[in-house]
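Input: a single structure, listed below in structure tokens.
Computed from a prediction, not measured in an experiment: that's the story for all the values here. Atoms within a ligand are numbered from 1 in the order they appear, just like the ligands themselves.
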Amino acid sequence: MNIRESVREVIPYAIEMRHEIHRHPEVSGSERETAARIRRELEAMGIPVRTFDGCHSLMGTLRNGEGPCIAVRAELDALPIQENTGLSFASETPGVMHACGHDVHMALALASAKWFSTHPDDWHGTIKFLFESEEETIGGGQRMVAQGCMEDPKVDCILGQHVNPNYPVNSFYSRCGAVNGASDDLKLTVHGTGCHGAYPEKGVDAIVITAQIISALQTLVSRNISPFDPVALTFGTVRGGTVQNIICGEVELTGTLRTIRPETRALLNRRLVETTEGVATAMGGSAAMVIEPSYGAVVNDPDAYRVVEACAREFLGDALMVEQQAPSLGVESFCYFLDHTPGVYYDLGCGIGTGLHTPTFRVDEDVIGTGVTLQVMAVLKLLEFEQAKR
Ligand SMILES: [Zn+2]
Ligand SMILES: [Zn+2]
């Protein structure tokens with residue numbers, strides 16, 4: 001029997017698990033029952049499970065002789081959204097819904113685990129099934145990585161997939177190289193000197209300084225960075241002042257910087273500080289820019305991508321291969337795993353219903369069979385590919 005045929009055995013299980021998990025969603029940080037359920041399923045397959053301190057993340061490690069180690073990542077959390085799909089297996093928890101497809105990703109990982117655990121003659125090596133908590137908020141992957149999920153044995157390559165309703169059912173959407181951007185959180189405080197609004201000469205207006213800083217910072221993107229290098233610089237909040245006739249002495253801003261290239265990220269981190277301090281000083285005030293690095297970029301490894309892309313093309317056919325034209329400046333916590341190993345991240349088109357994170361988000365269930373088959377085939381190909389390098 002070929003692999004594609006034999007994976008059919010676990011598709012009903014994947015669909016059943018997806019319904020079960022979809023019925024009982026838990027928001028980020030509260031994924032206790034979901035994690036317990038995943039643990040029971042993995043242990044019933046004879047797969048040892050480890051947990052991680054400070055979160056509900058867990059990992060099943062399936063060993064089958066000597067060989068490379070491939071990891072598969074799924075996420076545990078749902079969203080604070082009231083479901084309005086009318087599905088027979090809709091959420092039974094008011095105000096909480098699997099509206100980002102993480103129920104599907106967990107079901108795919110469990111079904112893959114079931115297939116690999118029942119077909120030991122078809123592969124050798126180690127497969128780690130990672131279930132990440134709090135993907136939607138802080139990115140639980142960070143804690144898993146810090147606690148050694150990528151070691152012992154060392155993961156040679158990691159695979160991540162996400163359903164995406166913007167693309168046709170069963171399509172593969174990704175690209176070689178950067179898929180998602182890096183993000184830095186910005187906090188800027190501008191100091192002036194408050195005074196009566198009728199006597200501006202007696203103070204230093206922090207609001208006027210802020211206006212100049214915002215304009216100057218927007219020119220960094222257009223004047224310091226190539227038009228072909230994607231960057232977004234956004235200030236989402238500006239707070240300052242009390243009443244209409246008092247000159248404001250302090251303004252606070254928060255924002256986000258999104259970049260793809262590490263060199264661009266470093267350059268802009270430096271220029272953001274230089275520009276804010278320079279403009280504020282020139283205007284008689286002062287400014288302090290605090291930059292907190294947040295997510296890293298998600299960059300598909302070119303060699304591993306070619307392996308997975310070829311596998312998807314063979315399975316799905318040319319018509320369902322949608323090449324992502326440019327990286328997205330949204331962030332993805334898959335980046336934390338990629339700090340330690342090459343990997344491939346792709347979207348699986350699930351093309352019905354409305355967008356991710358909406359109350360009417362739905363998935364064409366055909367995608368579940370396609371997703372499991374593609375995941376199993378891709379892991380097998382990556383095992384072969386890594387074995388050949390040894
Ligand atoms: Zn989401
Ligand atoms: Zn998601």
Point to revise | H22-H19 aromatic ring centre distance below 6.0 Å | key: no
**Study point:** H105 backbone or side-chain N/O/S under 2.8 Å from the Zn ion (ligand 2)
**Key:** no
Review point. Would you call the rings of H119 and W115 parallel, tilted or perpendicular if under 30° counts as parallel and over 60° as perpendicular?
Key: parallel
Practice item. Establish, from distance only, whether the side-chain atoms of R239 and T237 form a donor-acceptor pair under 3.5 Å. Key: no
Review point. When you measure from the Zn ion (ligand 1) to each N, O or S atom of E136, which atom gives the shortest distance?
Key: OE2
**Study point:** Contact flag E135/the Zn ion (ligand 1), N/O/S atoms, threshold under 2.8 Å
**Key:** no
**Study point:** Centroid-centroid under 6.0 Å between F172 and Y167 rings
**Key:** no
Study note, to complete from the structure: Taking the Zn ion (ligand 2) as the apex, NE2 on H162 and NE2 on H102 give an angle, to 10°, of 120°
Check your understanding: Can you tell me the angle formed at the Zn ion (ligand 1) by NE2 of H357 and SG of C100, to 10°?
Key -> 100°
Review point. Angle class for the F116/W123 ring planes (parallel below 30°, perpendicular above 60°, tilted otherwise)?
Key: perpendicular
